[in-house]
Student: 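Pasting a structure below so you can have a look.
Values reported hereafter were calculated over all heavy atoms of this structure, with side chains retained and with hydrogens, waters and symmetry mates removed. In this text, all values refer to a predicted model and were calculated from it rather than measured experimentally. We count ligands from 1, going down the list as the structure has it; atoms in each ligand are counted the same way.
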Amino acid sequence: MIHNIMPDFSSLCGSCKSQGCCTDSAVPLVFDSDFIELKSIGKATNEFLHDRNVNGNIIKAINKKKDSTECVFWIDDKCSIYHQRPFDCRAYPFDILKVNESYCWIVYSCNPDSDWSWAESYLQDLEKDRAFSEVMQKVEIFSGNTSIILPTESEKTPYIILRKVRY
Ligand code: SF4
């Protein structure tokens, strides 16, 4: 078990106050299966979601609070829809980037020199996620060096390339 050997993500990053896309400028996308989940709890309306043009494709994304970088679902310092949060949020701080014509898993990190081998079990879980096949069907939309978390989180946050995506 990799998790027994190396520190896991929660112990490595649990004290971080950055909170990434929850309170920062990054905007999580909402794929079709995510939309169904949000709709089931009445959170798929314009109050919570908007349309984004991503390289000519209209994709739904989560709103920020008015005049704020905080996600509309960020309430009392936590995610108010944690069990229905979209794939982008479930995946973070992992993301997919096209590197040398291959889609690769990356991890945003303030610890670029860490041994990230323990992260492999997370990647395998993400590749079994209910939204993963849809994400990979649409991944060409995020061509070039654009990540699936918008706007281009990868341009402002250090990241490490972990391995190629298996799909
Ligand atoms: S949906 Fe939840 S996990 Fe995702 S950005 Fe908003 S507050 Fe954070």
Student: Could you report the tightest heavy-atom contact between Leu126 and Ala91, atom names first, then the distance?
Tutor: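 In this case the closest contact between Leu126 and Ala91 is CD2-CA, 3.7 Å.
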
Student: Any ion pair linking Glu37 and Arg90 (charged N to carboxylate O, less than 4.0 Å)?
Tutor: no

Student: For ligand 1, which atoms have a heavy atom of Cys22 less than 4.0 angstrom away?
Tutor: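 Those qualifying, in numeric order: 3 (S), 5 (S), 7 (S), 8 (Fe).
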
Student: Hey, which atoms in ligand 1 end up nearer than 4.0 Å to a heavy atom of Pro28?
Tutor: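 Near Pro28, meaning under 4.0 Å from one of its heavy atoms, ligand 1 has 5 (S).
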
Student: Hydrophobic cluster mates of Ile41, side-chain heavy atoms under 4.5 angstrom, ILVMFWY only, any path?
Tutor: Val30, Phe35, Leu38, Phe48, Leu49, Ile62, Val72, Phe73, Ile81

Student: Using a strict cut-off of 4.0 Å, indicate which atoms of ligand 1 neighbour a heavy atom of Cys89.
Tutor: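 That gives atoms 1 (S), 3 (S), 4 (Fe), 5 (S) of ligand 1.
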
Student: Can you tell me how the ring of Phe31 sits relative to the ring of Phe87, calling it parallel under 30°, perpendicular over 60° and tilted otherwise?
Tutor: perpendicular

Student: What do we get for Ile81 next to ligand 1 when only non-hydrogen atoms under 4.0 Å count, side chain, backbone, both or neither?
Tutor: side chain

Student: Does Lys43 have any salt bridge (charged side-chain N to carboxylate O under 4.0 Å, His left out) partners at least two apart in sequence or in another chain, and if so, which?
Tutor: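 Salt bridge (charged side-chain N to carboxylate O under 4.0 Å, His left out) check on Lys43 returns nothing, list empty.
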
Student: Quick one: which ligand 1 atoms are inside 4.0 Å of a heavy atom on Ile62?
Tutor: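 Checking each atom against Ile62, I get 1 (S).
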
Student: Under 2.8 Å from atom 6 (Fe) of ligand 1 - does any N, O or S atom of Cys79 fall there?
Tutor: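 Coordinating: no.
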
